[in-house]
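Data block below; observations after.
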2 protein chains.
Amino acid sequence: MNFKIKNRYDYNCLKNFSKKRGLKSSQKRMLIIDYFLKQDKHYSVDELYNHIKNKIPGIGYSTVYRTLKLLAECGIASERHFEKGFTRFEPIHKEEHHDHLICTKCSAIIEFTNQEIEKIQRKIARNFRFFVSDHKLEIYGLCSRCAKKEKNQ
Amino acid sequence: MNFKIKNRYDYNCLKNFSKKRGLKSSQKRMLIIDYFLKQDKHYSVDELYNHIKNKIPGIGYSTVYRTLKLLAECGIASERHFEKGFTRFEPIHKEEHHDHLICTKCSAIIEFTNQEIEKIQRKIARNFRFFVSDHKLEIYGLCSRCAKKEKNQ
DNA sequence: CTCATTGCAAACGATTTGCATACCG
DNA sequence: CGGTATGCAAATCGTTTGCAATGAG
């Protein structure tokens, strides 16, 4: 098949995971993964499904759902529970951890990285003899655009 | 009625909010709020309902649910979406913001506060011209007890 | 051929709501 | 009395799963 995952790391992850689990490959799944990784956004299953159903005719909701879960399981994507009552998936870029600014008005999501915070978090964890596996920093508020609109009213 | 909310601040919040919305007070609601604030834990609706149904005979799930939503709306409690697919509510103590260490094994939740982090967050927000209203820092991993167990196996 | 993948519809669990009744002011 | 609060059951929403048909190795 011609559908290659751009990132070598992700590709190996998936390959190893598939082997371990005895999974087969499939055209549809690869197309979804390809699209998801290329877009590099914070998709809910619903959003991704709606974006993709034109591009992959006859695709089912469960397939998108199952593919995202799969990516989460093999560590290529991570599940996030921002504000509302549903899950968003985002590609993980192993190189560096990032955190989020989330606009409560327009739902824009801005990513940022900050080494100081990483450092402090490690310090805090040490204090509590806590063995860190992951962390999430989410800053909620208004993005510059929405803040401006708010002011002008 | 004899059921007073200990914290003056919370009490005023609720009073103002009720006035604005034309709400009446009710014995059951006050009992729930009282219990919730006194316990000061991270309850899911389900947990709180189960703890409280012995203490308040005939109490309904929706009442607990509606009361927690109400507290969230008037700013006395905040809704958190930790790991799993349900919501937890925690009392907000206006005095100082705190964050969480969450054990992925036993679900223990440890609270902590750290001024440095607050400072850095404000700095980051400024960089993005982001108007912060709230933030959440969650560190996931193993608490000391679970980490020890893990090691011994 | 064997077994994984898929689409569909139906199950599920958490949350939310409609409605008749109970309660508050 | 007029309108809010409550309990119950039923609706809703996102997520999961069973199953028969399809696809991959």
Side-chain angles (χ1 to χ4, degrees), chain A residues 1-3 14-15 17-35 42-50 52-74 77-89 107, chain B residues 1-3 14-15 17-35 42-50 52-74 77-89 107:
Chain A
M1 307 297 92
N2 270 345
F3 311 100
L14 185 60
K15 205 171 139 192
F17 189 81
S18 297
K19 198 165 186 180
K20 203 163 58 185
R21 283 287 194 82
L23 305 184
K24 292 179 176 171
S25 146
S26 94
Q27 199 174 119
K28 279 178 178 170
R29 187 191 285 155
M30 288 314 261
L31 280 168
I32 297 170
I33 295 178
D34 220 36
Y35 183 83
H42 303 76
Y43 279 119
S44 64
V45 177
D46 205 66
E47 284 169 359
L48 183 54
Y49 170 68
N50 280 303
I52 225 171
K53 71 178 173 199
N54 315 306
K55 301 184 170 54
I56 311 175
I59 194 76
Y61 189 92
S62 339
T63 304
V64 176
Y65 167 78
R66 284 190 270 234
T67 302
L68 286 173
K69 276 294 194 188
L70 188 91
L71 292 182
E73 260 194 285
C74 62
S78 83
E79 297 186 39
R80 317 290 312 229
H81 303 270
F82 296 139
E83 299 269 77
K84 317 299 167 46
F86 58 83
T87 310
R88 288 188 179 281
F89 292 80
S107 294
Chain B
M1 305 295 94
N2 271 343
F3 312 99
L14 186 61
K15 204 170 136 191
F17 189 82
S18 297
K19 197 165 186 180
K20 203 163 55 186
R21 283 286 196 81
L23 306 184
K24 291 182 177 171
S25 145
S26 93
Q27 197 173 121
K28 279 176 178 170
R29 186 191 283 156
M30 288 314 262
L31 279 168
I32 297 170
I33 296 178
D34 219 38
Y35 184 83
H42 304 75
Y43 279 118
S44 65
V45 178
D46 206 66
E47 286 169 357
L48 183 54
Y49 170 68
N50 281 302
I52 226 171
K53 72 179 171 198
N54 314 307
K55 300 185 171 54
I56 310 175
I59 194 78
Y61 190 91
S62 339
T63 304
V64 176
Y65 167 78
R66 284 190 269 232
T67 301
L68 286 173
K69 277 296 196 189
L70 187 92
L71 290 182
E73 259 194 286
C74 62
S78 85
E79 296 187 39
R80 317 291 310 226
H81 303 270
F82 296 140
E83 301 271 76
K84 316 301 169 42
F86 58 87
T87 310
R88 287 188 180 282
F89 293 79
S107 295

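Just so we're on the same page: letters track the sequence lines, and every chain starts at 1. Computation of the quantities below employed the complete heavy-atom set of this structure, encompassing side-chain atoms and omitting hydrogens, waters and symmetry-equivalent molecules.
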Below 4.0 Å: OP1/OP2 of [N] and any side-chain N or O of [X]:
X     : N      : answer
A:R29 : C:dT5  : yes
A:K28 : D:dT22 : no
A:T87 : D:dT15 : yes
B:S62 : C:dT15 : no
B:S26 : D:dT4  : no

State which of [options] makes the closest approach to the side chain of [X].
X     : options                : answer
A:F86 : C:dG7, D:dG14, D:dG7   : D:dG14
A:L23 : C:dA4, D:dA5, D:dC8    : C:dA4
B:R66 : D:dG18, C:dC24, C:dT17 : C:dT17

B:K15 NZ: over 12 foreign heavy atoms closer than 6.0 Å = no
inquiry  = Parallel, tilted or perpendicular, judged at 30° and 60°: which one describes the rings of B:Y49 and B:Y61?
reply    = perpendicular
key: Close side-chain approach of B:R80 and B:T87, heavy atoms under 4.5 Å   = no
ask   = Of B:R21 and A:G85, whose closest DNA chain D nucleotide lies nearer the 5' terminus?
value = B:R21
request  = Work out which heavy atom in B:I52 is nearest to a heavy atom in B:I32; give both atom names and the distance.
outcome  = CD1-CA, 3.8 Å
ask   = What about A:K24: does its side chain form a donor-acceptor pair under 3.5 Å with the base of D:dA24?
value = yes
